[in-house]
Amino acid sequence: MVSLLPTPHPKERRLIFANISKPGYAPDIENYLAHGGYEALKKALGMKPAEIIDAVKASNLRGRGGAAFPTGVKWGFIRHDDGKPHYIVVNGDESEPGTFKDRYILHQDPHQLIEGLAISAFATNVHLAYIYIRCEFPKAAKIVWEAIKEAKARGYLGKNILGSGFDLDIFVHQGAGAYICGEETSLIESLEGKRPYPRIKPPYFPAVLGLYMKPTIVNNVETLCHVKHIISMGPEEFAKMGSPGDGGTRTMCVSGDVRRPGFYEIPCGGVTLGELIHDVCGGMKPGRQLKAVIPGGSSAKVLRAGEVFKMKTKGPDGQMAEKDVPLLDLVMDASSLMAAGSMIGSAGVMVMDDSRDMVWALNNLNQFYAHESCGQCTPCREGSLWMSKVTTRILDEGARPDDAKNLKGIADNIAGRTVCAFGEACSWPTQSFLAKFPDEFEKRVK
Amino acid sequence: MIATTTRQADSLTPGFISEADELVSHYPVSKRSASLPLLHLWQNHFGFIDDSGVEWIAARLDLTPVNILELVTFYPWFRREQAGKTIIRVCRTLACALAGGYEVKEKFCQAVGLDPHCEHHGYGHAPPTTADGNFSVEFVECLASCGSAPVALINDDLVENISPGDVQSIVDSYK
Ligand SMILES: Cc1cc2nc3c(=O)[nH]c(=O)nc-3n(C[C@H](O)[C@H](O)[C@H](O)COP(=O)(O)O)c2cc1C
Ligand code: FES
């Protein structure tokens, strides 16, 4: 396992990783209880479910799985007393290249997830929940399963939790090596034992029709852990830690050509990209300059060093004004990255320096998407493979004059024409690498 | 379907069957949900999934065999042939590739005696495996450990920050 920095960087504020950072912290329930574990659950069981949902709304928590959707709003789609069974499925598929945070939670602090999940289940009237864990985390599945048994033995799960009358059963479900299962409707099909082809929308939210066609909440591992902290510290304080509309902390996973890659838990909007790379991560490798950043997992559009973005910001007089924001001054939160034409996504920040070949990097990602397309929709199944074949050929044999145009044509014909957002995920890299680094494609033309 | 001379389903033990029953009980709403868990159980027990496995799981869940076979052929994790005792899955994706993942994979192939350029064709085939059946090596996609790239999943162990020079001793520790 990656060792954390011995002491948090001054820009960090550890909620999710508070326990994990403590020397000798083990994933068993004794340790968790000794560090204040399950106190938030006790508090929540004394609240009304609607109060918990209101607290999550007020906390401005956004999903940490990729879409950054406001969690409280999602939960609000569930009607408490509609007489139907409701389910929660925890998304522990963590497969978006560049993302590596849920892994540590699942392996090292499983009770934090179970506590967050139990509170969330109480709020949304759920009595059966599944934690979907990718099978490439075989140890995590065992650890989480052990933790569930421990929690049940102590009365934090099972029948009549802590005398409240609330029942909840949780089971671990392992995936089988397919990235698409991270997409929430694919996850549900996979959990139903079917080929994991994403479902046609609408309905847009599994909260309407989800697992077994019943209202279902799908949330990321980190998202549900935050719920525990919202209850402990109160939604106002949680919201205040972040930026407007993006509350709490977010675990930034930094990989690639920085001196200190790793994960850093930082208040939402608490650093700029420049601070993240040059301060928190110790800068670029010796003698190297920044060339490109993919800020939110491999599907997020790439940004080029030196770019300047025109952004609307609220001035001191309260008026909206347009401002030039250079790349390194971009605030790492959901709204700023969206304004820069990319996304915070899963907060997997992949950094590349001036020794890197952008066609090579794009080809690596194209091969990923070609391998992982589930094959349900023709534009994605065929297009992701074509893009990968074209970039591989450019690397092997040089480019043909119309390759860039054709690549863009393929990508443009995938995005927006598929059942799920994999279509966007696989075309955004090609679209953005072509737009941001046209020179690298042109110079390869024979 | 792949022809085999012995049927795996003929050697099931009561212990295996009760483990299967326990897994099915995790899905009180729909037994079909136990498809993946039973496939994992089967593959962990036998090393791969033969026709009799597909049929047995289908029958246990009141499904037709194709409902199970279509999962085996979809998910990269499942295979219809025996793989090596130790399976080395090297991450191929961007962060690992930036950190030398391709070279590390080549070194693993050389260290166990496989052609570094042999390809894995998927579709239920085992990854390239040494003749003595001890090792398989394959590329897999992002293992969610990009901050400690390059990485490999060796059986159940994640090995991080692998430098090409470490590969031989890593392989030796699995001999
Ligand atoms: C192709 C694709 C892959 C995804 N992979 C993951 C994943 O590995 N983990 C995850 O939590 N969300 C993933 N998502 C996002 C989920 O669909 C869903 O939005 C998320 O789990 C909701 O949880 P949240 O609101 O807590 O973020 C993926 C989405 C798409 C389109
Ligand atoms: S790219 Fe190798 S672990 Fe993510």
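Order of the sequence lines fixes the chain letters, A, B, ..., with proteins taken first and strands second; residue numbering starts at 1 for each chain.
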Quick one: what part of [X] sits under 4.5 Å from any heavy atom of chain B, side chain, backbone, both or neither?
| X | value |
| --- | --- |
| A/K142 | side chain |
| A/F171 | side chain |
| A/K194 | both |
| A/P196 | both |
| A/C135 | both |
| A/V172 | backbone |
| A/C181 | side chain |
| A/Q367 | both |
| A/Y179 | neither |
| A/S190 | both |
| A/I180 | side chain |

According to the interplanar angle, ranging from 0 to 90°, do the rings of [X] and [Y] count as parallel (below 30°), tilted (30 to 60°) or perpendicular (above 60°)?
| X | Y | value |
| --- | --- | --- |
| B/W42 | B/W56 | tilted |
| B/Y75 | B/F78 | perpendicular |
| A/F100 | A/Y104 | perpendicular |

Among [options], which residue forms the greatest number of heavy-atom pairs with chain B at distances under 4.5 Å?
| options | answer |
| --- | --- |
| A/G256, A/G98, A/S95 | A/G98 |
| A/H173, A/E192, A/R195, A/K139 | A/R195 |
| A/C253, A/C374, A/P85 | A/C374 |
| A/E94, A/H371, A/R356, A/M350 | A/R356 |
| A/I294, A/N364, A/V254 | A/N364 |
| A/E96, A/M352, A/R134 | A/R134 |

Is it the backbone or the side chain of [X] that comes under 4.5 Å from a heavy atom of chain A, or both, or neither?
| X | answer |
| --- | --- |
| B/L36 | side chain |
| B/A149 | neither |
| B/L153 | side chain |

Modelled atom types, side-chain donor and acceptor of [X] and [Y], under 3.5 Å:
| X | Y | value |
| --- | --- | --- |
| B/S169 | B/D166 | no |
| B/T93 | B/E141 | yes |
| B/S35 | B/N67 | no |

Any cation-pi pair here, B/K105 with B/F139, using under 6.0 Å and within 45°? yes
Flag this pair as yes if the NZ/CZ of B/R89 is under 6.0 angstrom from the six-membered ring centre of B/W77 and inside a 45 degree cone about the axis; otherwise no. yes
Can the ring centres of [X] and [Y] be said to be less than 6.0 Å apart?
| X | Y | value |
| --- | --- | --- |
| B/F108 | B/F135 | no |
| B/H26 | A/Y130 | no |
| A/F17 | A/Y264 | no |

For B/F16, is there any backbone N or O sitting under 3.5 Å from a side-chain donor or acceptor partner on B/T13? yes
Who among B/C96, B/P76, B/A95 has the most heavy-atom pairs with chain A under 4.5 Å? B/P76
If you count the non-hydrogen atoms of other residues, nucleotides and ligands that lie under 6.0 Å from NZ in A/K285, is the total more than 12? yes
